[in-house]
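Worksheet: the structure to be examined is printed underneath.
Everything numeric in this text was worked out from a predicted model, so none of it was measured. In what follows, chains are A, B, ... by sequence order, proteins preceding strands, each numbered from 1.
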Number of protein chains: 2
Amino acid sequence: MDVRVRSAEQVELDQLQSALGFLLRIAQLKVFQQYFMQPGEDRLKPGEFSVLWVIKCNPGIRQSLLCQRLMIKRAHMTKLIRALEERGWVARRIPDEDRRGVELTLTAEGEAAVADAAEGFFAFENTVGSELNASEREQLMVLLRKLVNIKGSGL
Amino acid sequence: MDVRVRSAEQVELDQLQSALGFLLRIAQLKVFQQYFMQPGEDRLKPGEFSVLWVIKCNPGIRQSLLCQRLMIKRAHMTKLIRALEERGWVARRIPDEDRRGVELTLTAEGEAAVADAAEGFFAFENTVGSELNASEREQLMVLLRKLVNIKGSGL
DNA sequence: AAGATAATGTTTCCTTGTAAACAAATTTCG
DNA sequence: CGAAATTTGTTTACAAGGAAACATTATCTT
């Protein structure tokens with residue numbers, strides 16, 4: 001008789017299976033791996049898409065606010081924004097009211113790029129959590145929004 | 001009148017607030033930032049702790065299985081394990097039944113290190129999700145376990 | 001048995017993300 | 001007002017993590 005563990009499901013996690021941070025990390029990694037497993041050539045990466053999307057939804061948003069909402073460090077955001085600027089997708093503007101900050105907007109090309117990517121992105125997002133039924137998925141969304149202080153949609 | 005968005009909560013996300021992958025990512029990043037914001041000197045990083053913990057709970061576990069369960073890539077796992085080996089915490093053994101694989105166990109020092117870190121780690125984990133009440137937290141855990149195929153505890 | 005295929009780790013190179021020090025502009029407060 | 005503290009973004013130097021090619025061992029096919 002050989003009872004050696006052979007599948008991931010059989011691995012004993014003990015208390016770790018009640019560790020919320022751990023579960024979130026595993027879930028998140030799983031989603032990313034699924035995302036990158038998809039074909040698609042020069043698809044936007046999730047980080048890029050979300051930055052562009054949020055700028056689109058909040059024209060003139062401050063870079064620091066983007067950092068706060070997307071949980072991206074300032075140092076890293078600088079690189080992201082510079083790269084998107086070089087692709088001709090975002091425009092940086094130093095406002096006169098506060099010349100430390102940077103106001104971000106999309107260029108016309110940027111708008112087009114987001115519009116282009118949005119369909120695929122949200123289509124993928126809708127496949128996330130297929131292990132759950134519709135009501136569980138909705139419930140998970142509600143709990144996560146609460147966890148991260150995103151007010152629910154007014155839908 | 002100035003209605004410019006000033007706080008992260010006010011940032012418009014539109015459809016993104018219904019994107020499960022996005023919400024998971026934000027939640028996960030938030031937890032990590034909280035973790036690293038804590039003081040503590042040479043605390044184990046979450047990844048290190050979980051690897052040690054899972055080896056402790058599954059002595060002799062194969063490296064590849066660890067990868068699967070912890071969603072860590074093989075290339076990266078090699079580095080993690082080698083580092084833990086150099087610290088004298090894990091022992092690698094090439095089993096005769098299959099000389100491709102590696103069986104992992106903790107050394108006595110490894111056991112001590114995990115035991116030492118466990119209290120702090122799980123204490124932190126219990127603070128995760130304080131934005132939710134007890135029943136919401138439990139519900140979130142159940143949903144995440146289902147999402148990642150971790151069978152619930154028999155508690 | 002022998003050659004093709006697959007599984008498992010490792011190595012190397014590259015991308016993503018973080019930490020710390022810095023620069024510039026703004027705010028706070030004696 | 002004016003010095004100290006804060007906010008914001010950037011730079012540099014590093015750590016974490018991933019992709020691809022490779023080596024070794026095992027399995028599959030015939």
Give each protein N/O atom lying under 3.5 Å from an N/O atom of nucleotides 4-6 of chain D, with the pair distance.
none

* To do: With sequence neighbours left out, write down each residue that passes salt bridge (Lys or Arg N to Asp or Glu O under 4.0 Å) with R74(B), or none if nothing qualifies.
  =>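 Salt bridge (Lys or Arg N to Asp or Glu O under 4.0 Å) list for R74(B), sorted by chain: empty.
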
* Taking only residues two or more places apart in sequence or in another chain, which ones pass salt bridge (Lys or Arg N to Asp or Glu O under 4.0 Å) with E109(A)? ->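 Here no residue qualifies.
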
* Asked: Do the side-chain N or O atoms of R82(A) get closer than 4.0 angstrom to the phosphate oxygens (OP1, OP2) of dT10(D)?
  ->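 Result: yes.
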
* To do: Scan S64(A) against the nucleic acid and name what it touches under 4.0 Å (heavy atoms): base, sugar-phosphate only, or nothing.
  =>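 Since only primed, P, OP1 and OP2 atoms lie under 4.0 Å of S64(A), the category is sugar-phosphate.
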
* Could you run through nucleotides 13-23 of chain D and give me one letter per nucleotide, 5' to 3': B if any protein heavy atom sits under 4.0 Å from the base, S if only the sugar-phosphate is that close, - if neither? => B--SBBBB---

Check the distance between [N]'s [atom2] and [X]'s [atom1] and give it to me in whole angstrom.
{"X": "L66(A)", "N": "dT10(D)", "atom1": "CG", "atom2": "C1'", "result": "16 Å"}
{"X": "I94(B)", "N": "dG9(C)", "atom1": "CD1", "atom2": "P", "result": "8 Å"}
{"X": "I81(B)", "N": "dT11(C)", "atom1": "CD1", "atom2": "P", "result": "14 Å"}
{"X": "E97(B)", "N": "dT27(D)", "atom1": "CD", "atom2": "P", "result": "11 Å"}
{"X": "R92(A)", "N": "dT8(D)", "atom1": "CZ", "atom2": "P", "result": "15 Å"}
{"X": "D98(A)", "N": "dT27(C)", "atom1": "CG", "atom2": "P", "result": "6 Å"}
{"X": "Y35(B)", "N": "dG17(C)", "atom1": "OH", "atom2": "P", "result": "21 Å"}
{"X": "M77(B)", "N": "dT11(C)", "atom1": "CE", "atom2": "P", "result": "16 Å"}

* **Side-chain donor or acceptor of D98(B) paired with backbone N/O of R100(B) under 3.5 Å** =>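 Judged by distance alone, yes, a pair lies under 3.5 Å.
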
* Asked: The side chain of Q63(B) lies closest to which of these nucleotides: dG9(C), dT26(C), dT11(D)?
  ->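 Selected nucleotide (nearest to the side chain): dG9(C).
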
* **For L84(A), the option from L104(A), L106(A), V51(A) that meets side chain to side chain contact (heavy atoms under 4.5 Å, CB included)** =>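 That would be V51(A).
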
* Quick one: does R43(B)'s side chain get under 4.5 Å of F49(B)'s, heavy atoms only? ->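 R43(B) does not reach F49(B) side chain to side chain.
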
* Taking atom CZ of R62(A) and atom CD of E103(A), what is their separation to the nearest 0.5 Å? ->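 The CD atom of E103(A) is 6.0 Å from CZ of R62(A), to the nearest 0.5 Å.
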
* Starting at CD1 of I55(A), measure out to CG of L65(A) and round the result to the nearest 0.5 Å. =>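 If we round to the nearest 0.5 Å, I55(A):CD1 and L65(A):CG are 11.5 Å apart.
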
* Asked: Among pairs that include at least one residue of residues 45-55 of chain B, which meet side chain to side chain donor-acceptor pair (under 3.5 Å), considering only residues two or more places apart or in two chains?
  ->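 Residue pairs with at least one partner in residues 45-55 of chain B: E48(B)-R87(B).
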
Mind listing the side-chain donor-acceptor pairs of residues 111-131 of chain B below 3.5 Å, one per line with the distance, residues two or more places apart or on another chain?
from: E125(B); atom 1: OE1; to: L20(A); atom 2: N; distance (Å): 3.3
from: E125(B); atom 1: OE1; to: G21(A); atom 2: N; distance (Å): 2.6
from: E125(B); atom 1: OE2; to: F22(A); atom 2: N; distance (Å): 3.2
from: N126(B); atom 1: ND2; to: F122(B); atom 2: O; distance (Å): 3.3
from: T127(B); atom 1: OG1; to: F124(B); atom 2: O; distance (Å): 2.6
from: E131(B); atom 1: OE2; to: K30(B); atom 2: NZ; distance (Å): 3.1

